[in-house]
Each structure stands twice: as structure tokens, then as C-alpha cells.
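Throughout, protein chains are lettered first and strands after them, A, B, ... in sequence-line order, and every chain is numbered starting at 1.
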Amino acid sequence: MDKTSVYRGKFFPLIRLFALSHTHAALFHSCSASTSKYYSLREKPSVSRKHKVVIFRDFRHVNNLNDAVCVFNQMVQTEPLPCVVEFAKLLRVMISMKHYSGVVSFFGEMRKLGIPFDEYILTIVINSFCLLGCAEHGFSVLGIFFKSGVQFNVVTFSTILRGLCEQNKIKDAMWLFNKLVTERICKMDEVMFGIVMNGLCKQGHTQTALSLLRIMEQGDTKPNTIVYSIVVDALCKDKMVGAAFNLFNEMKRKGITPNVLTYSSLVDGLCKFDQWEGVRLLLDEMMYVNVSPNVHTFSMLVDAFCKKGMVEDAVEVLTIMIGRGEHPDVVTYNSIMEGYCLRGEIDVARRILDSMIDTGVKPDIFSYNILVNGYCKQKKLDEAMHLYFEISQKGLKPDTVTYSTILQGLFEVGRVECSENFFTEMENAGISPDIYTCGIMLHGYLKNGHVEKAMSLFHRWEKQKEDTNIFIYNTGNGGFFRIQKLDKARSIFDKLYTIGLHPDAITYNITVNGLCVEGLVDEAKELLRKMEDNGCLPDNATSNLIVHGFLKSNKANEAMAVLKEIIGRGFPAVKDTVSSLIELLLLIGEGPFLLNMIPEFHLRNEK
DNA sequence: ATAGGGTTAG
């Protein structure tokens with residue numbers, strides 16, 4: 001019988017008492033072995049009833065994996081064994097040092113040696129698996145709970161749920177969550193709800209999160225500030241700022257106080273919609289209820305102004321925040337840099353990078369990526385490359401975005417071979433291309449006329465199905481149309497359905513436009529009908545593309561029928577489309593039709 | 001357990 005089996009079964013609580021008295025002996029033992037630098041008396045002391053000896057292990061000197069291994073080896077050789085709590089402390093230190101697999105192997109060693117463990121140790125092990133990116137291994141640790149009779153708690157399951165959510169396995173998380181609820185496996189708390197709701201929101205299931213909030217209201221665990229804030233933020237990100245404000249007002253009515261995070265989410269939502277007056281009112285309210293805007297809040301404002309090209313206003317926000325004692329950080333400065341880059345004032349941006357360092361704010365990889373992009377957009381590829389080399393010199397590591405940005409820049413100026421070499425450099429550096437990189441490579445090849453290369457890349461990525469999204473297809477589709485590989489484009493479109501990817505408005509637009517340019521009226525017509533059936537209503541771009549497609553193909557007459565049809569179904573025309581349309585109608589002598597349509601345009605534009 | 005910044009397609 002191995003040592004762990006002693007701790008199994010229903011007698012566990014009794015045995016735990018035994019283990020505890022064991023522990024005191026261990027503490028005494030470690031006191032006598034006080035030659036070790038890892039033991040000290042500085043922490044709040046615990047007094048052993050038996051020996052009246054004051055002792056605590058101190059792990060502050062454990063600074064690397066090597067230290068941890070030494071301490072661990074020493075601990076397991078100590079006779080009698082140190083307390084479970086001591087092992088838990090060591091494992092926590094290892095997590096803070098990011099030695100997650102070390103935690104797992106220490107735990108394996110502990111089991112082999114029959115060292116007792118408790119729910120805290122097991123939860124730390126689960127957390128390590130999660131941080132290693134394999135949350136599903138957490139389930140096997142759950143097995144250890146059942147086998148050893150250790151009682152789990154809310155935190156155990158919250159940890160697994162958080163891990164699953166972070167790996168975007170929201171379905172698995174929901175399955176577990178439902179099981180916990182329906183089988184009453186453990187008591188729910190606000191934190192667990194928060195974790196699941198946050199996971200749902202991050203995966204775009206805001207409405208499900210909202211219904212969970214409603215369920216909470218009916219139950220014993222009432223939603224708190226954080227739970228409300230999670231949904232408020234998600235609604236803002238879904239561009240449903242109105243709904244977010246409804247929820248915000250509702251929580252205030254119910255006496256749940258919004259905090260700086262709640263307010264900041266709303267400020268950001270309003271900024272993205274240019275609702276400056278609303279922003280002003282909200283900031284006033286914050287002052288009134290004594291919730292101070294912090295560096296996040298101010299950075300959102302700074303970023304919003306910069307993205308609109310209003311860098312002067314952004315700088316004014318910067319002055320205000322400094323005046324209020326809120327220190328701008330790397331994110332704030334990065335936004336300012338981007339603001340200048342967007343206006344083409346890359347040299348100013350470059351100077352900000354240098355002045356950041358003077359104020360004690362260290363640039364990060366974002367800072368460099370912003371500047372690299374600035375140079376690329378100005379087609380200053382040599383400067384961009386120079387900056388790329390500077391990144392490593394500054395002790396930073398170029399990431400996927402850095403490489404993608406430069407690849408895009410190289411393609412843009414037609415340096416296809418450089419792009420190819422740089423792509424190889426990226427792979428050699430161990431940076432794997434993501435969906436952006438794929439799109440850039442595909443589009444870059446197509447734009448520069450390398451159809452075959454684009455095709456082979458396309459097929460390579462297509463096979464790695466889990467990485468495929470609609471974007472790659474849209475890029476391929478548009479490119480293949482542009483170079484008149486109609487069959488290819490058509491087959492890509494058809495394939496979307498078979499692999500279960502849903503075409504979006506852009507997919508339809510690209511394809512409709514491609515068909516129009518080719519003068520394939522019937523097919524375009526067919527597709528528009530499909531578009532409507534699939535709930536993808538034609539948007540401004542659709543109408544523009546159709547009109548331009550027709551004009552380009554000089555097949556105005558045949559195409560006019562399609563236009564009439566979509567106008568009849570509700571043409572979401574905007575001004576620039578209308579002018580193109582007028583051009584087309586006059587071209588084919590459809591003046592009377594045009595006159596009929598004018599009131600129609602007015603009606604729709606006013607809606 | 002919750003908030004801010006960088007790269008893609010029509």
C-alpha cells in the first residue's frame with residue numbers, strides 16, 4: 001500500500017488531523033535545521049501547541065527554478081514531512097515565476113513519494129495546466145480529487161472554467177458550468193459567474209451572458225458591479241451603446257454602484273461613435289459620484305482623438321491627465337504616436353518614442369509596430385527595416401504583427417522577393433503566421449500577379465482548417481476575380497458552404513462585383529437573392545460595387561434589370577452611390593427611371 | 001472575475 005492510499009476514503013478528515021500534528025513536528029524539525037537560508041522568522045509566526053516553537057518557511061529567496069528544485073528536494077527529504085501548506089507555497093512561488101511545467105512535475109514527484117496534498121495544491125496544479133494552455137488536463141486532476149477523497153471548492157472549478165475560456169473553449173466551459181449547476185456539484189459564486197460571462201462575451205455571445213445575468217437576478221447569487229460591468233463592456237464592444245446604457249441605468253437603480261471600469265467602458269463606447277457630448281456628460285457624472293477617471297479612461301480618450309486625426313485634442317487630454325496626477329503610460333504614448341503616424345508626421349512620432357524613454361516610460365513592441373507601420377504606409381521600407389533591426393537591439397522581440405506589417409509594406413512597393421525572404425525569416429524566428437499574415441501574403445501575391453503562388457498558399461492554409469476564417473476566403477475571392485480566374489473564385493465561394501463558413505457581406509460584395517464586371521447578370525442576380533436569403537442585406541458597398549462593376553464592363557443595359565430588382569427590394573443607396581447610378585442611368589438613356597427613383601432615395605436616406 | 005494601444009479583404 002503506498003502512502004497516498006492512507007489519505008483516501010471517508011476517513012479522510014480524521015487522517016487530516018493526523019497529518020496536521022505531523023506538520024508541527026516538521027516545523028520543529030525545520031527550525032533546528034535553520035542553517036538553510038530559506039527559513040526565517042520574519043513572517044507572522046504560528047505557534048505550535050506541542051512544542052511552542054515559532055517557525056515559518058520563507059520562500060522569498062526562491063528566485064529561479066534551480067532554487068525551487070533545491071528547496072523541493074530538501075523539503076521531501078525532511079523527516080517528518082513539512083506541511084501541505086508549505087508545498088502549496090512553493091508551488092505558488094513557481095507559478096509566479098512562470099515555471100508551470102515545474103509545478104506539474106513537482107506534483108508528480110509528490111504523488112510518487114506519497115506526500116499528502118490538499119485541494120489548494122490540486123487547484124494550483126489545475127491552474128498550471130491552464131497556464132500551459134491545456135485546460136482539459138484539469139479534468140484529469142479532477143479525477144485525483146475523486147480518487148483521493150479531497151473535497152474540491154468553487155475555486156477549483158472556477159480555475160478550470162477560466163482556463164477553458166482563455167483557450168476559447170467556451171462550449172466546453174458551458175458544458176461544465178451547466179453540469180455544476182444542474183448536478184449541484186459545487187456552490188456558485190459571483191466570481192464563477194463572472195468568469196463564464198466574460199468568456200461568453202469574449203466569444204461574441206453577449207446575449208447569452210445577458211441571460212445569465214437575468215438568471216443570477218432570480219437566484220441567490222445576485223449580480224454585482226463586476227458582473228454588470230462585463231456585460232456593459234461587451235454591449236459597448238458590440239456597438240450596442242444604447243443597450244449598454246440601459247443596463248448601466250438599471251444597475252444604478254438597483255443600487256449596484258458602477259466603478260471606474262464600468263464608466264470607462266461606456267466612455268470608450270461613446271468615443272467610438274463620436275458622441276462627444278455624451279462623453280462630456282459621463283465624465284461630469286464620474287466627477288459628481290467621485291469616481292476618478294484613471295489612466296485607462298484617459299487613454300481611451302487620447303486614442304479616440306488620435307484616430308480621428310485630432311492629435312491636438314489628444315495632447316490636451318494628456319496635459320489634463322498629468323495635471324490630475326494620472327501618469328500617461330506606454331499605451332497612452334503609443335496612441336499619440338499612432339495619431340501622428342496617421343497624419344503622416346512620422347518624424348514627430350519617432351521623437352515621441354525617444355522622449356518616452358526620457359520620462360521613464362519604456363516603449364514596447366506596440367510602439368515599434370506603430371512606427372514600422374508608419375514608415376511602411378509612407379513606403380519608406382528601408383526606414384521600416386532599420387527600425388525592425390532596432391527592435392532586437394532594444395531587447396524586444398519582433399512579433400507576428402511586426403512581420404505582417406513589413407510583409408505588407410514590401411508587397412505594397414512590389415518587392416515580392418523581399419517579402420518571400422522575409423516570410424522565411426519570420427518562420428525561422430519561430431513566429432508563426434496568423435490570419436492577418438495569411439491575408440497579407442495572399443493579397444500581396446495576387447496584387448503582384450503571382451496567381452500560382454497565391455493559389456498554393458491558399459490551398460496550404462485551407463488544409464489547416466481551424467485557422468481558416470472568412471477573411472482568407474474573401475482575400476482569395478477578390479484577388480481571383482480581379483485577375484479573372486472566374487472559375488476559381490466561383491469554386492471558392494461554393495466551398496464556403498461545404499466547410500461551414502458563413503459568407504459575410506464582404507464575401508457577397510466581392511463576388512457580386514466580380515460577376516458584374518464579367519457581365520454575368522443572371523449569376524449576380526442569383527447571388528443577390530442568396531445574399532438576402534442568408535440574412536446578409538446589401539449594404540452601401542454592394543450598391544457601389546454593382547454600379548461600378550456595370551460601368552466597367554460596359555454591359556449597362558443587360559445589368560439594368562438587376563439594379564431595378566435590387567432597388568425594388570430596398571436599395572440602401574448613399575450619396576456617392578447615387579452619383580454613380582446617375583452616371584449609369586444617363587449612359588443608357590434611363591432618365592425617366594432615374595426621375596422615378598429620386599423620391600425613393602430621399603425616403604430611404606431619411607430613415 | 002471586469003476596462004485602454006499595433007497588422008488584413010470589398
Base of B/dG4 and ring of A/H296 stacked, centres under 5.5 Å, planes under 30°: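 Aromatic stack with B/dG4 absent for A/H296.
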Pair A/K307 + A/D303: basic N to acidic O under 4.0 Å: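 Here A/K307 pairs with A/D303 in a salt bridge, since their nearest N and O are under 4.0 Å apart.
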Answer yes if the ring centres of [X] and [Y] are under 6.0 angstrom apart, and no otherwise.
X	Y	value
A/F493	A/Y473	no
A/Y368	A/Y388	no
A/Y436	A/F471	no

What nucleotide, of [options], holds the atom closest to the side chain of [X]?
X	options	answer
A/K377	B/dT7, B/dA9, B/dA3	B/dT7
A/L261	B/dA9, B/dA3, B/dT7	B/dA3
A/M300	B/dG4, B/dT7, B/dT2	B/dG4
A/F471	B/dT2, B/dT8, B/dG4	B/dT8
A/S404	B/dA1, B/dT7, B/dA9	B/dT7
A/D268	B/dA1, B/dT7, B/dG4	B/dG4
A/I230	B/dT2, B/dA9, B/dA3	B/dT2
A/V331	B/dG4, B/dA9, B/dT8	B/dG4
A/I506	B/dA9, B/dT7, B/dG4	B/dA9
A/T405	B/dA3, B/dT7, B/dT2	B/dT7

Using whole Å, report how far [atom1] of [X] lies from [atom2] of [N].
X	N	atom1	atom2	result
A/I256	B/dA1	CD1	C1'	16 Å
A/I170	B/dA1	CD1	C1'	13 Å
A/D303	B/dG4	CG	P	11 Å
A/M321	B/dG4	CE	P	15 Å
A/I391	B/dT7	CD1	C1'	13 Å
A/F298	B/dG4	CZ	C1'	13 Å
A/L318	B/dG4	CG	P	19 Å
A/L442	B/dT8	CG	P	15 Å

Base B/dG4 paired with A/N294 side chain (donor-acceptor, <3.5 Å):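 Answer is no: no donor-acceptor pair is held.
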A/T225 (side chain) donor-acceptor with A/T257 (main chain) under 3.5 angstrom: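 Here the side-chain-to-backbone pair exists.
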When we call it a touch if two heavy atoms are under 4.0 Å apart, what does [X] touch: a base, just sugar-phosphate, or nothing?
X	result
A/K447	nothing
A/N224	base
A/V330	base
A/S158	nothing
A/E190	base
A/I370	sugar-phosphate
A/V295	base

Closest approach of A/M192 to A/C186 (non-hydrogen atoms, all atoms of both residues):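 So the two residues come closest at CE-SG, 4.0 Å.
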Below 4.0 Å: OP1/OP2 of B/dG4 and any side-chain N or O of A/K237: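 Answer yes for this pair, as a side-chain N or O of A/K237 is under 4.0 Å from OP1 or OP2.
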A/K202 side chain near B/dA3 phosphate (N/O to OP1/OP2, under 4.0 Å):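 Yes, because at least one side-chain N or O of A/K202 sits under 4.0 Å from OP1 or OP2 of B/dA3.
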Residue A/D220 excluded, over 12 heavy atoms near CG under 6.0 Å: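 No, CG of A/D220 has 12 or fewer neighbouring heavy atoms, counting only those of other groups under 6.0 Å.
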